[in-house]
Amino acid sequence: MARHLVTSALPYINGIKHLGNMVGSMLPADVYSRYLRQRGRDVLYICATDEHGTPAELAAKEQGLPVAEFCAQAHDAQKAVYDGFQLAFDYFGRSSSQQNVEITQHFARRLHKNGFIEERAIRQVYSPVDGRFLPDRYVEGTCPHCGYDRARGDQCENCTRVLDPTDLLQPRSAISGSTELEVRETKHLFLLQSKLQHEVEAWVARHEEEWPHLSSSIARKWLTEGLHDRAITRDLDWGVPVPADTWPELAAEGKVFYVWFDAPIEYIGATKEWSDAAQGGETRDWKAWWYEADESVRYTQFMAKDNVPFHTVMFPATELGVREPWKKVDVVKGFNWLTYYGGKFSTSQKRGIFTDAALELLPADYWRYFLVANAPESDDSSFTWEHFAATVNKDLADTLGNFVNRVLSFSRKQFGDEVPAGHIAGEAEAKLGDTIAGLLTEYEEHIEALQFRKAAAALRALWSAGNSYLEEKAPWLEIKTDRDGAALTLRTAMNLIHLYSVVSEPFIPASAKAMRHAFTLDGDTATWVTAEQVKAWDAVPAGTSFTVPPMLFAKISEEDLESYKEHFGGEEGI
């Protein structure tokens, strides 16, 4: 059975990320990784902060810190938030690591040896006021394609078109704001993607049937437009240095590799970081996941649509050009945008809800469930406080939380602190077992297919099935005429709670743990539940002691809702 390598888009270092960033990459990757681990698969989930490039330098300058110190602090701050969301990375690395420097330079040397990198003289924007050449993101201006007036020199945030600084209208320095810019000649390294076009097309053709339509359509669009040779070096103080043994002149000038050249390589670099961090005699073979691993590793990557072209076209071109057997991605799970009342979440413009603020308001499981249940898979989806409150109140508080509370509270009141025995399972329990087994199969199939909204709907249906059973059997009435019948109903319901604690973990790990710990079960090591086990109803046998956990989910009141909207904004088109 193939091992599973999972990566999510590297969050950029310049600040805490918003919810749109979370749902478009790291969170679904975490749900998938957790599920695979529970099913007994060998999984490695790797991510890292993306630390090079202009925005890191600008953010450090704004805070008055050396860029290395800024990045170290920002990495720790981001990691703390992801820990709060219970993202279960196997390793969360840094693209500024020495491991990434070494592997990036190795890739560059190999590409040069194979004839896919050449040195070219180009004309580049120079700012006399700042006394330096301005790399792409140090130049801002108006996008020539959509008219967005805060486009960067590498890409328009609004229409996602890739740009060069000289494409911008009314350009200005991002350092000083000066519009007194010149264009001067300098030298840079270029990756000759045009020479790899046909190889990339063939590679995409072999893999795109497994990709969501969003990912394959973006890749095809880029290939149809044709791959262009692109500069892969920049004039920056912070980045992976151009190796002096291969390009001494450029190294002497302080050239570093473009962030979009070294960042994808950091998936490999972070895996080596993970390997090098092994302790206590543990052996971790990073290369076994990446080198000559096409048959032994299945690689799934998660990212929002603006990152898709770099990972379906540009980085595969790099890997192909290296002419070494590095593992390439099998499935690219692309996501559309999560909007905020119809407007775009934006880190740079601080619009929307950011992950640290979200955790200060409510526990992580509220956000995890809502975001995945409304993931922007087929098209963009919108966050509104009204929708969030309705989902939390209906699905989490009423359907799941209320079921757990009323079953355990009623059983303790009627039978004490041990699971009652009662009758053996009857027709209603057999019917319930068939229903649960069918829904569980749907749930598994949807997660395996990376269909997260459908998986959430199947999980919700599993929770609803318990409520339907409880309403049908009505143990609060049954207890009056058939005490053993009521005991059977409650014992069955408690087994459902245990089932929910297992299968809900990928979505709501903290709440799943609370449900599971409600029962004192020696040797409870179940990682999943099969259809046969569902029908047996014996995971929580009679006589098991239990406690009633604190309320799993509190409803969001109208007062809470108005408070959130007042603080974060809640107007259409914000």
If we ignore angles and hydrogens, is there a donor and acceptor under 3.5 Å between the side chains of [X] and [Y]?
X	Y	result
Glu386	Tyr341	yes
Trp528	Gln533	no
Asp417	Ser545	no
Glu478	Thr489	yes
Ser557	Asp560	yes
Glu444	Tyr35	no

Salt-bridged, [X] to [Y], with N to O below 4.0 Å?
X	Y	result
Lys454	Glu448	no
Asp380	Lys305	yes
Lys555	Asp398	yes
Arg220	Glu208	yes
Asp434	Lys535	yes
Lys17	Asp356	no
Arg298	Asp330	no

[X] and [Y]: aromatic ring centres closer than 6.0 Å?
X	Y	result
Trp385	Phe568	yes
His75	Phe92	yes
Phe310	Phe315	no
Trp290	Tyr267	no
Trp286	Tyr291	no
Trp463	Tyr369	yes
His387	Phe370	yes

If you take all heavy atoms of [X] and [Y], which pair is closest and at what distance?
X	Y	value
Leu488	His423	CD1-O, 3.5 Å
Lys473	Ala428	CD-CB, 3.9 Å
Glu51	Ser95	N-OG, 2.8 Å
Asn495	Ala539	OD1-N, 2.9 Å
Met26	Ser8	CG-OG, 3.5 Å

Side chain [X], main chain [Y], donor-acceptor under 3.5 Å:
X	Y	answer
Glu429	Gly426	yes
Ser501	His498	yes
Lys327	Val297	yes
Ser563	Glu559	no
Tyr443	Val503	yes

Rounded to the nearest 0.5 Å, how far apart are [atom1] of [X] and [atom2] of [Y]?
X	Y	atom1	atom2	value
Ser215	Gln301	OG	CD	9.5 Å
Leu496	Thr492	CG	OG1	7.5 Å
Phe335	Asp306	CZ	CG	13.0 Å
Phe553	Asp395	CZ	CG	10.0 Å
Thr399	Leu462	OG1	CG	12.0 Å

Worksheet entry | Thr312 side chain near Trp211 side chain, heavy-atom distance below 4.5 Å | yes
Discussion item. For His4 and Tyr32, take the angle between the two ring planes, folded into 0 to 90°, and tell me which bin it lands in: parallel under 30, tilted 30 to 60, perpendicular over 60.
Written reply: perpendicular
Worksheet item: Cation over ring, Arg3 on Trp289, under 6.0 Å and within 45°?
Response: yes
Worksheet entry | Six-ring centre of Tyr91, Arg284 cation under 6.0 angstrom, axis tolerance 45° | no
Worksheet item: Checking salt bridge (Lys or Arg N to Asp or Glu O under 4.0 Å) for the pair Lys333/Glu377: CA distance, chi angles, key distance, verdict?
Response: CA-CA 9 Å; Lys333 174 64 175 178; Glu377 292 179 293; 2.9 Å; yes
